[in-house]
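Atom set for the values below is all heavy atoms of this structure, side chains included, hydrogens, waters and symmetry mates excluded. In each ligand, atom 1 is the first atom listed, and ligand 1 is the first ligand listed.
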Amino acid sequence: MKRRTFTLGGVAAASTIVLAACGGGRTAADAGDGDDAGGGFDADATIGVSLPWLGTQNWAEAEDLFKAQLEDAGFTALIQAADNKVPQQQQQIEAMVQKGAKAIVVGPIDGTQLGSALTAAEDAGVRIIGYDRLIENTDAVDATVQFGSVRTGELQGQSLLDGLAERKGEGPYNIELFGGGPADPNAPNFFQGAMSVLQPKIDDGTVVVLSGQTDFQQAATQDWDNGKAQSRMDSILAANYSDTPIDGVLSPNDGIARAVITSCKSAGQDVPVVDGLDAETESITSIWAGEQYSTVHKPTSDLVAKTVEIISAYQTGDEAPEADETENNGTIDVPVYALDPVVVTKDNAEEIFADDPDRLALLDG
Ligand code: BGC
């Protein structure tokens with residue numbers, strides 16, 4: 001068993017990822033369903049899906065895809081989004097339990113704030129799956145389905161370096177660093193993955209962060225708010241780049257990437273090399289137009305399909321498919337189904353989106 005512990009700005013990260021093949025968490029019997037012949041629950045059971053917000057394209061896509069895929073599988077879908085407000089998400093989960101949901105899928109706003117709502121759900125025999133984000137500090141979780149979040153960050157950091165070499169000639173390069181919302185357990189992992197690639201280049205002088213803001217807490221963007229990222233970029237440019245070009249910016253997702261590009265343009269800068277995440281419509285268009293350099297694609301349809309596959313195993317009472325690894329959530333080692341994210345640039349976009357007609361259609365001309 002290989003255990004990886006990550007360090008972030010000198011502080012040990014809250015979670016430890018253990019790479020190991022392992023089973024899919026609690027059995028139906030553990031979840032209180034063991035007295036049914038064959039375990040499981042009714043084939044048309046209600047399945048709750050609690051999304052954190054609909055502020056980025058991936059969550060809006062998840063809302064539509066969960067409805068379609070759960071209904072195709074014969075379930076009754078009960079889907080809600082919580083507008084980034086933790087109490088709202090807690091209440092939505094409680095209401096799903098009251099309405100008899102047999103499984104609840106949760107993309108937590110704050111990974112650490114759902115313990116009591118989820119314990120009550122577990123006590124009612126509900127199966128609980130973390131979706132895209134880890135549910136932290138509770139044993140009331142069966143599994144997490146996500147794209148490797150540290151891996152995502154590594155791809156972002158490497159893509160930034162590749163873009164700098166491709167577009168900005170010889171180094172050293174001036175870059176700045178952005179992170180996502182600090183309550184989202186993905187955000188420190190994305191940053192940590194990226195810094196594992198960038199820190200050696202900072203140390204050897206290949207890249208320079210003129211603002212000096214290299215810790216996650218300094219780089220984080222409260223609530224993943226694009227406007228806040230844009231204001232921070234405006235301030236950094238005003239303070240450090242009035243007569244110096246900025247060459248690149250690490251961005252944790254596409255919305256922040258576009259906010260950063262807008263800020264740089266209004267400061268009269270050439271467009272820097274900026275990576276992203278989510279393969280959002282506007283960013284694919286920007287990449288195709290030669291502005292944003294890259295994005296990391298983590299297809300929502302695949303993530304939803306994997307989640308529905310696991311729920312279907314819970315429904316029949318069969319053993320869930322084998323997880324890829326476990327991640328310690330502060331309380332237990334959670335089985336994690338980890339899908340592979342992929343970098344998209346102008347060079348490979350047509351190939352990556354060959355089977356995605358909506359995104360492919362953005363690449364015309
Ligand atoms: C997701 C990203 C998304 C971000 C903001 C993250 O947890 O992994 O896809 O852009 O949240 O919504």
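Summary of contacts: the protein heavy atom closest to atom 11 (O) of ligand 1 is R133 NH2, 2.8 Å. Regarding atom 8 (O) of ligand 1, its nearest protein heavy-atom neighbour is D132 OD1, 2.7 Å. Remark: minimum distance from atom 9 (O) of ligand 1 to any protein heavy atom is reached at D278 OD1, 2.6 Å.
Under the 6.0 Å distance and 45° angle rule, R167 does not count as a cation-pi partner of Y293.
In summary, the atoms of ligand 1 found under 4.0 Å from a heavy atom of N186, numbered by their order in the structure, are 6 (C), 7 (O), 8 (O). Using a 4.0 Å cut-off to heavy atoms of N253, the atoms of ligand 1 that qualify are 5 (C), 10 (O). Near N58, meaning under 4.0 Å from any of its heavy atoms, are these atoms of ligand 1: 1 (C), 2 (C), 3 (C), 9 (O), 10 (O). Close contacts between ligand 1 and K298 involve ligand atoms 1 (C), 2 (C), 8 (O), 9 (O) [criterion: under 4.0 Å to a heavy atom]. Annotation for ligand 1: atoms under 4.0 Å from non-hydrogen atoms of D184 are 6 (C), 7 (O), 11 (O). If you number the atoms of ligand 1 from 1 as listed, the ones under 4.0 Å from a heavy atom of W53 come out as 12 (O).
Atom CG in D324 sits 12.0 Å away from atom OG1 in T144 (nearest 0.5 Å). Here E291 contributes atom CD and S286 contributes atom OG; the two are 5.0 Å apart, rounded to the nearest 0.5 Å.
Residue Q146 places every heavy atom at 4.0 Å or more from ligand 1.
Judged purely by atom type and a 3.5 angstrom limit, D318 has no side-chain atom pairing as donor or acceptor with the backbone of A313. Side chain of D254 to main chain of A279: a donor-acceptor pair is present (N/O by atom type, distance under 3.5 Å, no hydrogens or angles). A donor-acceptor pair under 3.5 Å is absent between the side-chain atoms of D215 and the main chain of Q218, judged by distance alone.
Using a 4.0 Å cut-off between heavy atoms, F190 contacts ligand 1 through its side chain alone, with no backbone atom that close. Residue W59 touches ligand 1 through its side chain alone, judged by heavy-atom distances below 4.0 Å.
Of the residues listed (D184, N189, N186), the one engaging R133 in a side-chain hydrogen bond (donor to acceptor under 3.5 Å, both in side chains) is D184, and it is the only one.
The aromatic ring centroids of F66 and Y131 lie less than 6.0 Å from each other.
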